[in-house]
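Single-structure report; data block below.
Values in this document were obtained by computation on a predicted structure and should not be read as measured data. Just so you know, residue 1 is the first one in the sequence shown, and it goes up from there.
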Amino acid sequence: MPYFYIPTHRIRTESLSLLICFVIAVLLNVYAIVTYDAPFTELWTSILYVLEATFVLYAVWIILRLLAYLFLCLIGRKPKSEHKLPFILHRHERGYRSHHHNRK
């Protein structure tokens with residue numbers, strides 16, 4: 001089974017993207033509460049809907065980034081950094097040896 005390495009900066013970037021999507025979903029919920037004169041207890045009682053909206057926004061964000069990446073590839077411009085498979089490297093490509101290589 002191959003081991004995968006995800007760089008720290010990629011984890012931070014994706015975590016920040018997810019946090020921003022969550023904040024947008026909460027702000028949309030607050031807007032709906034104010035617009036429809038609902039009680040502010042709706043902030044807590046509708047948290048599952050907010051989480052659902054967060055993941056929908058995050059999925060849309062991922063699709064937009066993939067479309068931008070594909071567009072750049074189609075017009076012949078290379079994205080900022082070259083990736084074999086976006087941000088994932090096999091462990092043996094980084095210079096590590098697995099325990100299977102040490103057997104004699």
Side-chain angles (χ1 to χ4, degrees):
M1 179 174 183
Y3 294 97
F4 294 104
Y5 169 73
I6 302 175
T8 306
H9 68 88
R10 175 57 57 191
I11 293 172
R12 284 187 198 133
T13 302
E14 297 305 319
S15 299
L16 182 63
S17 296
L18 191 59
L19 178 66
I20 289 171
C21 289
F22 179 73
V23 168
I24 291 171
V26 168
L27 290 175
L28 286 173
N29 190 24
V30 169
Y31 173 75
I33 289 170
V34 170
T35 302
Y36 295 108
D37 293 325
F40 271 93
T41 57
E42 288 284 326
L43 279 175
W44 311 117
T45 58
S46 61
I47 192 67
L48 292 178
Y49 296 115
V50 170
L51 290 175
E52 204 173 299
T54 298
F55 289 115
V56 169
L57 286 172
Y58 187 65
V60 168
W61 178 240
I62 289 173
I63 290 170
L64 288 175
R65 290 189 306 175
L66 283 174
L67 289 175
Y69 179 80
L70 290 174
F71 178 73
L72 287 176
C73 289
L74 285 176
I75 65 171
R77 290 184 59 196
K78 301 216 189 257
K80 283 193 254 181
S81 58
E82 299 267 338
H83 303 299
K84 291 181 182 176
L85 211 144
F87 66 78
I88 297 176
L89 296 174
H90 289 285
R91 178 177 263 199
H92 67 276
E93 291 176 357
R94 296 185 336 195
Y96 293 105
R97 302 187 89 200
S98 69
H99 65 280
H100 298 291
H101 294 290
N102 295 331
R103 292 185 183 175
K104 291 183 181 182

Treat each ILVMFWY residue as a node, draw an edge where side-chain heavy atoms are under 4.5 Å apart, and state whether F55 and L66 are in one component. yes
What distance separates W61 CH2 from C21 SG, expressed to the nearest 0.5 Å? 8.5 Å
Cluster question for you: counting only ILVMFWY and a side-chain heavy-atom cut-off of under 4.5 Å, with indirect links fine, are L18 and I62 together? yes
Gap separating the CD1 atom of I11 from the CG atom of L16, nearest 0.5 angstrom: 13.5 Å
Reference residue V30; test side-chain contact (heavy atoms from CB on, under 4.5 Å); the match among L43, V50, T35: L43
Spacing of OH belonging to Y69 relative to CG belonging to L74, to within rounding of 0.5 Å: 11.0 Å
Please determine whether side-chain contact (heavy atoms from CB on, under 4.5 Å) holds for the pair V26 and F22, giving the CA-CA distance in whole Å, both sets of side-chain angles, and the decisive distance to 0.1 Å. CA-CA 6 Å; V26 168; F22 179 73; 3.7 Å; yes
Under 4.5 Å between any side-chain heavy atoms of R77 and F71, yes or no? no
Show your reasoning for whether side-chain contact (heavy atoms from CB on, under 4.5 Å) applies to Y58 and I24. CA-CA 10 Å; Y58 187 65; I24 291 171; over 6 Å; no
What I'd like to find out is whether the side chain of Y49 reaches to under 4.5 Å of the side chain of N29, using heavy atoms alone. no
State yes or no: do L57 and I20 share one hydrophobic cluster built from I, L, V, M, F, W and Y residues joined by side-chain heavy-atom distances below 4.5 Å, directly or via other members? yes
